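All values derive from a computational prediction rather than experimental measurement. Indexing begins at 1, ligand by ligand and atom by atom, following the structure's order.
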Amino acid sequence: MVPDDDLIMQHIRSYYAASANPAPLRGPLRSDVTADVCVVGGGIAGCSTALHLAERGYRVVLLEGKRIAWGASGRSGGQAIFGFAAGQDKLVAQVGFDTARRMFDVSVAALDLLKERVARHAIDCDLHWGQLHAAIKPRHETELQAWREELAADYGYTSLRWLERAELRHLLATDRYSGGLYDSRSGHLHPLNYTLGLAVAAEAAGATIHEGSQVTRIEQGDTAVVHTAEGRVRARHVALCCNAYIDELAPRLRARIMPVGTYIVATEPLGRARIEALMRENIAVTDVNWVLDYFRRSADHRLLFGGRVSYSGLDPLNTERATRARMIKVFPQLADVKIEYSWGGYVDITMSRAPDFGRIAPNVYYLQGFSGHGIALTGMAGQLVAEAIAGQAERFDLFGKLEHRDFPGGRALRTPALVLAMLWFRLKDLL
Ligand SMILES: Cc1cc2nc3c(=O)[nH]c(=O)nc-3n(C[C@H](O)[C@H](O)[C@H](O)COP(=O)(O)OP(=O)(O)OC[C@H]3O[C@@H](n4cnc5c(N)ncnc54)[C@H](O)[C@@H]3O)c2cc1C
């Protein structure tokens with residue numbers, strides 16, 4: 001179970017919710033229906049799966065327990081970045097270079113897919129290109145430069161450019177960073193509006209979406225039966241896209257992910273001149289600490305700043321203050337500025353931080369373990385499930401080669417164990 005969900009989430013004052021495009025209220029499932037595919041979960045992964053399948057002519061029913069984009073997709077930092085949270089080295093160690101390279105290519109194609117979809121479906125989600133990985137310490141500079149060389153030489157990824165301190169200082173009015181890797185191919189968007197746009201596109205392609213339809217049980221078989229409180233979907237295939245909320249629906253999957261809370265604040269509107277003085281270009285920035293800070297501009301000239309994480313799920317009430325303090329460390333110029341919104345959400349991390357895609361039965365697919373790196377990849381993952389259901393499982397099955405371990409200590413102990421592990425990583429950030 002996601003820890004202290006109510007405690008953390010009841011304090012949501014989300015900028016995204018306040019700036020959401022109008023969305024229809026979709027009624028719950030209240031009957032027995034049949035479909036080719038039942039998708040569970042209405043985040044980017046679920047909406048993307050539904051969209052791809054509906055475009056291929058499948059009859060699709062998507063069941064969302066709350067509202068479309070209620071989970072991470074409607075709360076995210078919104079940075080669309082190539083690659084995986086795990087880093088390529090871990091993938092290579094597990095599956096060898098060739099497979100890891102093909103996985104990397106999937107992550108890059110995910111960016112192209114996002115761009116193409118936003119254009120094709122005219123999704124109004126404030127998409128901008130340009131993203132920066134910023135170095136705080138000399139060792140970060142060395143690591144980032146080596147990473148750039150490796151990505152260009154081994155993976156053919158050549159859109160990264162190293163910025164020295166002076167050039168970076170020209171882009172960002174802060175002394176916190178000593179250099180950075182700028183990527184013209186990654187970017188950022190309003191994640192809630194992007195997800196709402198995908199849902200509308202899926203419906204336009206023929207998918208049916210029910211909100212307020214928490215799936216309580218799945219009877220497996222050649223035809224699976226997916227149960228909600230008031231209805232059932234009989235479907236030849238099921239796709240589970242539940243992120244950190246999978247819980248009792250698939251205990252085997254739940255054991256392999258840890259819900260980690262992460263938090264964002266939005267300042268009051270700063271006006272164009274002031275935000276442009278802080279960030280000359282409309283790019284997204286993340287530093288490279290283990291517990292990282294990330295920030296970007298909003299369409300109405302706020303700074304959206306995130307980074308505080310909670311592994312224990314215990315501390316939400318201090319989150320706004322703590323995140324603000326991190327923001328002031330980067331931009332002391334904002335000391336007088338009010339925080340107007342603060343919110344949090346859960347990411348679904350795996351032990352290795354590599355994504356966990358596969359099947360729990362021949363016709364029951366799942367996507368999880370994006371480990372905080374899912375804005376672009378979730379969209380592509382939906383396409384991979386659709387390909388697999390249509391009989392072309394090659395790219396989907398690449399990810400089945402990754403081994404995933406349960407979090408040690410089972411349900412009761414995994415949180416304390418992780419809190420200890422994270423304390424160690426936080427100490428490492430200080431070195
Ligand atoms: C604060 C925050 C910042 C982030 N920043 C970034 C970032 O900058 N860049 C990046 O790449 N990634 C980021 N991420 C991660 C990224 O947002 C996620 O990986 C991605 O949105 C996950 O999408 P999803 O569809 O898998 O899950 P979600 O969007 O969480 O959707 C899952 C949905 O499934 C529904 N559901 C679950 N169980 C059931 C059930 N039994 N029945 C019916 N419905 C169910 C839930 O209600 C939920 O709506 C961030 C995440 C958070 C929380």
Side-chain angles (χ1 to χ4, degrees), residues 2 5 8-9 12 14 16 28-29 38-50 62-85 107 110-111 114 131 186-189 191-192 194-195 198-199 209-218 226-229 239-250 253-254 257 259-265 284-286 292 294-296 304-310 319 323 342-349 355-357 366-379 381-382:
V2 164
D5 191 44
I8 292 178
M9 299 310 167
I12 286 182
S14 157
Y16 297 133
L29 178 71
C38 179
V39 177
V40 184
I44 303 171
C47 292
S48 169
T49 303
L62 184 154
L63 302 175
E64 163 54 50
K66 308 271 202 288
R67 301 286 314 271
I68 290 295
W70 174 86
S73 302
R75 306 159 188 248
S76 174
Q79 302 204 13
I81 308 172
F82 65 89
F84 305 95
S107 83
L111 292 170
L114 183 152
Q131 195 274 345
S186 298
H188 64 101
L189 46 63
L192 174 55
Y194 172 54
T195 316
L198 289 179
I209 298 180
H210 294 283
E211 295 177 316
S213 302
Q214 185 74 14
V215 172
T216 50
R217 188 163 67 90
I218 298 171
V226 181
H227 293 254
T228 68
L240 300 176
C241 305
C242 299
N243 189 13
Y245 308 94
I246 187 96
D247 213 17
E248 296 297 334
L249 201 54
L253 298 182
R254 181 191 61 195
I257 52 166
V260 173
T262 162
Y263 304 93
I264 307 183
V265 298
V285 180
T286 174
L292 48 81
Y294 51 90
F295 54 91
R296 63 193 187 90
L304 309 184
F305 192 101
R308 180 151 168 75
V309 291
S310 166
T319 289
T323 311
S342 71
W343 66 98
Y346 287 106
V347 297
D348 50 349
I349 65 164
D356 183 9
F357 307 163
Y366 68 87
L367 300 171
Q368 66 171 14
F370 293 96
S371 301
H373 200 102
I375 284 294
L377 190 61
T378 41

Contact check: [X] vs ligand 1, nitrogen or oxygen atoms, below 3.5 angstrom:
X	result
V40	no
F370	no
G46	no
I375	yes

Note the single closest protein heavy atom to [atom], along with its residue, its atom name and the distance in Å.
atom	answer
atom 8 (O) of ligand 1	Q79 N, 3.0 Å
atom 6 (C) of ligand 1	S76 OG, 3.1 Å
atom 34 (O) of ligand 1	G41 CA, 3.3 Å
atom 29 (O) of ligand 1	S73 OG, 2.5 Å
atom 42 (N) of ligand 1	V215 N, 2.8 Å
atom 5 (N) of ligand 1	G77 N, 2.9 Å
atom 35 (C) of ligand 1	E64 OE1, 3.2 Å
atom 30 (O) of ligand 1	N243 ND2, 2.7 Å

Are [X] and ligand 1 in contact, using a heavy-atom cut-off of under 4.0 Å?
X	result
G306	no
I81	no
I246	no
G344	no
A244	no

Partners of A110 by side-chain contact (heavy atoms from CB on, under 4.5 Å), sequence neighbours excluded?
->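 By the side-chain contact (heavy atoms from CB on, under 4.5 Å) rule, A110 matches A376, M380.
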
State which residues pass side-chain contact (heavy atoms from CB on, under 4.5 Å) with T378; sequence neighbours excluded, sorted by chain then number.
->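 Here the qualifying residues are I44, A45, F370.
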
Result of checking N243, I246, I349 against Q368 for side chain to side chain contact (heavy atoms under 4.5 Å, CB included) |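 The passing option is I246.
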
Find all atoms of ligand 1 within a distance of less than 4.0 Å from any non-hydrogen atom belonging to T378, and give their numbers and elements.
->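 Answer, ordered by atom number: 20 (C), 22 (C), 23 (O), 26 (O).
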
List every atom of ligand 1 that sits less than 4.0 Å from any heavy atom of C242, numbering the atoms from 1 in the order shown and giving each element.
->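 Near C242, the atoms of ligand 1 are 32 (C), 34 (O), 37 (C), 38 (N), 39 (C).
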
Please report the shortest heavy-atom distance between S73 and T195, naming the atom on each side.
->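 Distance-wise, the nearest heavy atoms are CB-OG1, 3.5 Å.
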
Report yes if some heavy atom in the side chain of L304 is under 4.5 Å from a heavy atom in the side chain of Y16; otherwise report no.
->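 With C-beta onward as the side chain, the pair touches.
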
In sequence, state the C-alpha distance, the side-chain angles, and the governing distance for R254 and E248, and then conclude on salt bridge (charged side-chain N to carboxylate O under 4.0 Å, His left out).
-> CA-CA 8 Å; R254 181 191 61 195; E248 296 297 334; 3.0 Å; yes

Report the member of A376, G369, G374, G71 with the shortest heavy-atom distance to atom 11 (O) of ligand 1.
->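 Answer by nearest heavy atom: G374.
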
